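Data block below; observations after.
Quick caveat: nothing in here was measured; it's all calculated off a predicted structure.
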Amino acid sequence: MQRPMHHPPEDFSLKETSPHLGGGGLTGDKLTTTYDLVEQMQYLYVRVVKAKDLPAKDVTGSCDPYVEVKLGNYKGTTRHFENKSNPEWSQVFAFSKERIQASVVEILVKDKDFVKDDFMGRVWFDLNEVPKRVPPDSPLAPQWYRLEDRKGDKAKGELMLAVWMGTQADEAFPEAWHSDAASVSGDGLANFRSKVYLSPKLWYLRVNVIEAQDLQHCDKTKFPEIYVKAILGNQALRTRVSPSRNTNPLWNEDLMFVASEPFEEHLVLSVEDRVGPNKDEILGRCVIPLQVVERRLDYKSVNTRWFNLEKHIIVDGEKKKDSRFASRIHLRICLDGGYHVLDESTHYSSDLRPTAKQLWKQNIGVLEVGILTANGLLPMKIKDGRGTTDAYCVAKYGQKWVRTRTIIDSSTPKWNEQYTWEVYDPCTVITIGVFDNCHLHGGGDKGGAKDSRIGKVRIRLSTLETDRVYTHSYPLLVLHPSGVKKMGEIQLAVRFTCSSLLNMMHIYSQPLLPKMHYIHPLSVTQLDNLRHQAHQIVSMRLSRAEPPLRKEVVEYMLDVDSHMWSMRRSRANFFRIMGVLSGLIAVTRWFDQICVWRNPLTTVLIHILFIILVLYPELILPTVFLYLFLIGVWYFRWRPRNPPHMDTRLSHADNVQPDELDEEFDTFPTSRPNDIVRMRYDRLRSVAGRIQTVVGDLATQGERLQSLLSWRDPRATALFVTFCLIAAVVLYVTPFRVVALIAGFYVLRHPRFRHRLPSVPLNFFRRLPARTDSML
């Protein structure tokens with residue numbers, strides 16, 4: 001048997017870095033410059049606007065001009081215009097100062113020709129005389145420059161230009177042609193640039209199928225088995241067969257779909273009769289545009305409507321509408337805006353707001369992320385006989401996705417791009433993934449190439465101290481069929497700024513999800529199916545953007561396959577539970593040592609404490625809360641200072657067996673040839689996957705208990721230890737019998753005094769961080 005792979009622990013450790021951020025320094029963990037979470041990178045910008053009065057070069061008396069910007073070995077060209085002497089380009093070229101190997105930048109105007117392009121004139125600038133511009137200064141205005149010939153004499157024609165030195169904070173940076181992309185073809189240039197994407201606005205569409213009337217079916221000799229099939233895009237659901245076996249069937253059943261704005265698909269309902277095995281007869285059909293469907297923000301009843309069912313018949317070989325008699329179907333349809341449509345894994349949600357914007361609350365802060373550099377990236381593909389990597393980053397938080405530019409052929413890419421998100425809930429997670437771009441040189445789409453995953457990082461905002469800049473190098477880990485592999489490291493600068501500490505503390509007492517999830521909850525099966533539909537819609541919409549954010553990238557960022565069975569994950573979750581229970585086991589062993597007088601002095605002290613608590617029972621609860629308060633204060637010295645990161649030991653990826661990896665990377669359904677083995681194996685994986693989820697949830701609850709005093713979430717621990725201190729004081733001055741009486745009456749209170757939303761302690765508990773963020 002092949003031995004499991006072992007790596008030294010330091011290979012996967014989180015490392016603190018000291019980058020030169022913002023061109024300035026740190027002052028008390030706060031930065032003093034704008035665009036301050038990245039290292040400033042100097043660029044030479046050349047904006048080519050337009051030309052006029054260009055000389056004719058062709059026999060037709062016209063020209064096909066284009067501009068070539070040349071700086072040392074780097075050369076960028078604009079598109080060319082046919083038969084135009086006054087062209088307009090409006091293109092920007094950016095040359096990294098680190099790679100400048102010349103003292104002069106030349107801007108040449110040429111005429112496109114089949115054999116050799118004709119030289120029309122040029123403008124050149126000495127780099128020592130190029131002005132510097134620091135954002136947010138006003139943009140540098142372009143000027144007209146007279147063209148010169150190769151000898152320096154005046155030539156016919158003028159060119160409007162602007163040349164300046166700037167940084168990546170310049171507004172021209174995202175859309176500029178970069179010298180780093182000099183080898184990229186025109187088809188792949190869009191895949192090189194950085195972009196910001198927005199997820200589509202998702203709604204839950206609730207279709208309550210009540211009944212139908214006056215249905216006409218052909219076979220009068222049998223009882224009809226009538227059901228309703230509903231289709232929205234690629235989503236298809238059906239009701240159960242109506243228990244009333246007549247032409248007026250009754251269902252009263254809810255069907256849930258995910259719809260995205262703008263609404264492109266219509267809801268198609270068909271009433272069908274099962275006339276035989278795999279044979280159904282359509283009794284009527286109706287199409288409902290989603291634009292006319294009522295939207296609701298709460299659980300108030302929606303008015304029902306009757307819809308006519310159309311039936312088509314074949315007349316002379318043509319399909320025509322049968323208008324002799326119209327059947328009808330009774331529906332209650334609405335777009336539920338009070339839910340949050342889950343498209344991410346529930347453990348790593350970056351957004352918890354409801355769909356309806358009217359229900360959104362004010363943001364509580366701002367998250368700023370500087371994507372700096374990566375180090376030691378492994379070669380991801382072979383090009384020209386050698387290994388190479390064209391890396392880019394994708395960050396996802398809330399509805400906003402960002403994608404950095406692609407750094408060509410580099411194992412140590414430097415992005416230095418900064419992005420900002422509004423934060424509405426601190427108990428959310430931002431995900432940053434690194435990928436290898438396989439679509440730069442054309443043919444990637446046709447060849448079916450996929451962008452390879454290099455690794456990702458998750459950061460839970462509640463584990464960050466406010467207004468502190470975190471600069472760390474995170475390991476990029478990916479699990480391969482051969483074992484876990486470190487693909488490199490990525491350096492990030494992260495800052496979470498809070499606008500109102502009071503509002504953020506108040507968030508901890510609120511339900512994690514919108515009220516509709518508790519007032520009218522959806523089943524676990526419904527949520528799983530709806531999440532599957534949601535991430536399909538998101539990946540489809542983002543893949544239609546330009547440049548596309550591809551399906552494999554979106555699925556990796558959303559953890560689409562996190563529910564799949566894995567022996568490794570199950571073992572990791574088991575040991576997470578054992579880690580939670582280890583504290584209880586240690587207390588039991590300690591108490592056993594007290595009982596056997598292992599340490600006589602400690603045992604005598606416990607006897608004295610026991611006598612005091614028996615004689616004065618009102619001291620029990622104050623003592624417990626005071627003890628918890630003191631533990632919380634004591635642990636403050638060892639509070640975590642760094643964000644969590646992927647942990648190979650926690651994930652049991654460092655000692656996984658080859659047969660377990662083969663099972664984890666096996667297809668679903670399995671690729672085993674034997675049909676019986678396939679059926680049994682898939683059933684086992686399905687059941688074990690659910691057990692794995694339950695075990696993981698149990699471990700999460702225990703880890704949240706541990707995090708009460710661990711200062712993993714500094715605000716939550718501060719709230720809890722403060723509560724413990726207040727509770728200790730209140731319980732000290734309040735007679736124990738009064739406390740017990742109030743507690744008993746509260747537990748046994750009348751249903752009239754209960755509300756259906758989760759209680760404040762439960763909301764607080766659900767917001768506590770767990771080690772799921774560090775699971776690989």
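With rounding to the nearest 0.5 angstrom, the CD1 atom of I430 is 9.5 Å from the NZ atom of K400. Distance CD1/I490 to CD1/I454: 9.5 Å, rounded to 0.5 Å. Here Y518 contributes atom OH and M516 contributes atom CE; the two are 13.0 Å apart, rounded to the nearest 0.5 Å. How far OG1 of T17 is from OH of Y470: 13.5 Å, rounded to the nearest 0.5 Å. Interatomic distance, K381 NZ to N437 CG, rounded to the nearest 0.5 Å: 6.5 Å. In this structure, the separation between CG on N642 and OG on S13 is 10.5 Å, given to the nearest 0.5 Å.
Side-chain contact between N573 and M775 is present, with heavy atoms from C-beta onward closer than 4.5 Å. The closest side-chain heavy-atom distance from S651 to R568 is below 4.5 Å. Taking the side chain as every heavy atom from C-beta outward, K195 and P547 approach each other to under 4.5 Å. Between P200 and L202, the closest side-chain pair of non-hydrogen atoms falls below 4.5 Å. Residues P643 and L464 have side chains in contact (heavy-atom distance under 4.5 Å, counting atoms from C-beta outward). Using a 4.5 Å cut-off on side-chain heavy atoms (C-beta onward), V341 and L530 make no contact. Counting only heavy atoms from C-beta outward, the side chains of P640 and T463 never approach each other to under 4.5 Å. In this structure, I364 and P426 have side chains that are in contact, with non-hydrogen atoms separated by less than 4.5 Å.
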For this session: Walk me through it: do E552 and E555 pass the test side chain to side chain contact (heavy atoms under 4.5 Å, CB included)?
Result: CA-CA 5 Å; E552 63 270 17; E555 289 184 348; 5.6 Å; no
Problem set entry | salt bridge (charged side-chain N to carboxylate O under 4.0 Å, His left out) evaluation trace for D343 with R531 | CA-CA 5 Å; D343 59 343; R531 182 191 166 219; over 6 Å; no
For this session: Give the intermediate values and the outcome of salt bridge (charged side-chain N to carboxylate O under 4.0 Å, His left out) for residues R458 and E344.
Result: CA-CA 13 Å; R458 303 189 197 101; E344 306 167 284; over 6 Å; no
For this session: In sequence, state the C-alpha distance, the side-chain angles, and the governing distance for I459 and Y474, and then conclude on side chain to side chain contact (heavy atoms under 4.5 Å, CB included).
Result: CA-CA 11 Å; I459 301 175; Y474 295 80; 3.5 Å; yes
Exercise. Please walk me through it: do M487 and R453 pass side chain to side chain contact (heavy atoms under 4.5 Å, CB included)?
Worked result: CA-CA 9 Å; M487 310 297 290; R453 44 179 83 166; over 6 Å; no
Problem set entry | Evaluation steps, side chain to side chain contact (heavy atoms under 4.5 Å, CB included), between D451 and H439 | CA-CA 8 Å; D451 290 353; H439 299 82; 2.8 Å; yes
For this session: Give the intermediate values and the outcome of side chain to side chain donor-acceptor pair (under 3.5 Å) for residues S350 and K396.
Result: CA-CA 8 Å; S350 63; K396 198 265 186 201; 3.2 Å; yes
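Checking side-chain atoms of D390 against main-chain N and O of D409 turns up a donor-acceptor pair under 3.5 Å. A distance-only check finds no donor-acceptor pair linking the side chain of S774 to the backbone of P644 [under 3.5 Å]. A donor-acceptor contact shorter than 3.5 Å is absent between the side chain of T648 and the backbone of A653. Formation of a donor-acceptor pair under 3.5 Å by the R767 side chain with backbone atoms of P511 is found in this model. A side-chain donor-acceptor contact under 3.5 Å links T389 to the backbone of L378. Distance alone, capped at 3.5 Å, places no donor-acceptor pair between the T373 side chain and the Q491 backbone. Judged by distance alone, the side chain of H178 and the main-chain N or O of F173 form a donor-acceptor pair under 3.5 Å. At least one donor-acceptor pair closer than 3.5 Å links the side chain of Q418 to the backbone N or O of L37. Side-chain atoms of R206 do not come within 3.5 Å of backbone N or O of D254 as any donor-acceptor pair. Not a single donor-acceptor pair under 3.5 Å links the side chain of K551 to the backbone N or O of K450.
With L269 as the partner, the side-chain contact (heavy atoms from CB on, under 4.5 Å) test is satisfied by one option alone out of I231, V287, I288: I288. Screening R403, Q168, R405 for a side chain to side chain donor-acceptor pair (under 3.5 Å) involving E417 leaves a single residue, R405.
In plain terms, the two heavy atoms of Y397 and V429 that are nearest each other are CD1-O, 3.6 Å. The shortest non-hydrogen separation linking L205 to C334 is CD1-O, 3.5 Å. Y424 and R353 make their closest contact through CE1-NH1, 3.0 Å (heavy atoms, listed as atom of the first residue, atom of the second, distance). In terms of heavy atoms, R541 sits closest to P262 at NH2-O, 3.0 Å. Closest of all the heavy-atom pairs between V394 and M557 is O-CE, 3.3 Å. Between L359 and G338, the closest heavy-atom pair is CD1-CA, 3.8 Å.
Residues that satisfy the ring pair (Phe, Tyr, Trp, His ring centres under 6.0 Å) test with H472, not counting sequence neighbours, are absent from this structure. In terms of the ring pair (Phe, Tyr, Trp, His ring centres under 6.0 Å) criterion, residue partners of H517 (sequence neighbours excluded) are, by chain and number, Y339. Take S349 and apply the side-chain hydrogen bond (donor to acceptor under 3.5 Å, both in side chains) test, not counting sequence neighbours, and it matches no residue. With sequence neighbours excluded, the residues satisfying side chain to side chain contact (heavy atoms under 4.5 Å, CB included) with Q701 are R704, F765. Residues passing the side-chain hydrogen bond (donor to acceptor under 3.5 Å, both in side chains) test with E261, sequence neighbours excluded: W203, R295. Shown here are the ring pair (Phe, Tyr, Trp, His ring centres under 6.0 Å) partners of F435, two or more places apart in sequence or in another chain: Y392, Y556.
Under 3.5 Å, the side chains of N763 and R766 contain no donor-acceptor pair of N or O atoms. Side-chain atoms of T355 and Y204 include no donor-acceptor pair closer than 3.5 Å.
No more than 12 heavy atoms of other residues, nucleotides or ligands sit less than 6.0 Å from atom CZ of R771.
Classified by interplanar angle (parallel below 30°, tilted 30° to 60°, perpendicular above 60°), the ring pair W421/Y419 is tilted.
You'll find the ring centres of H645 and F12 outside the 6.0 Å limit.
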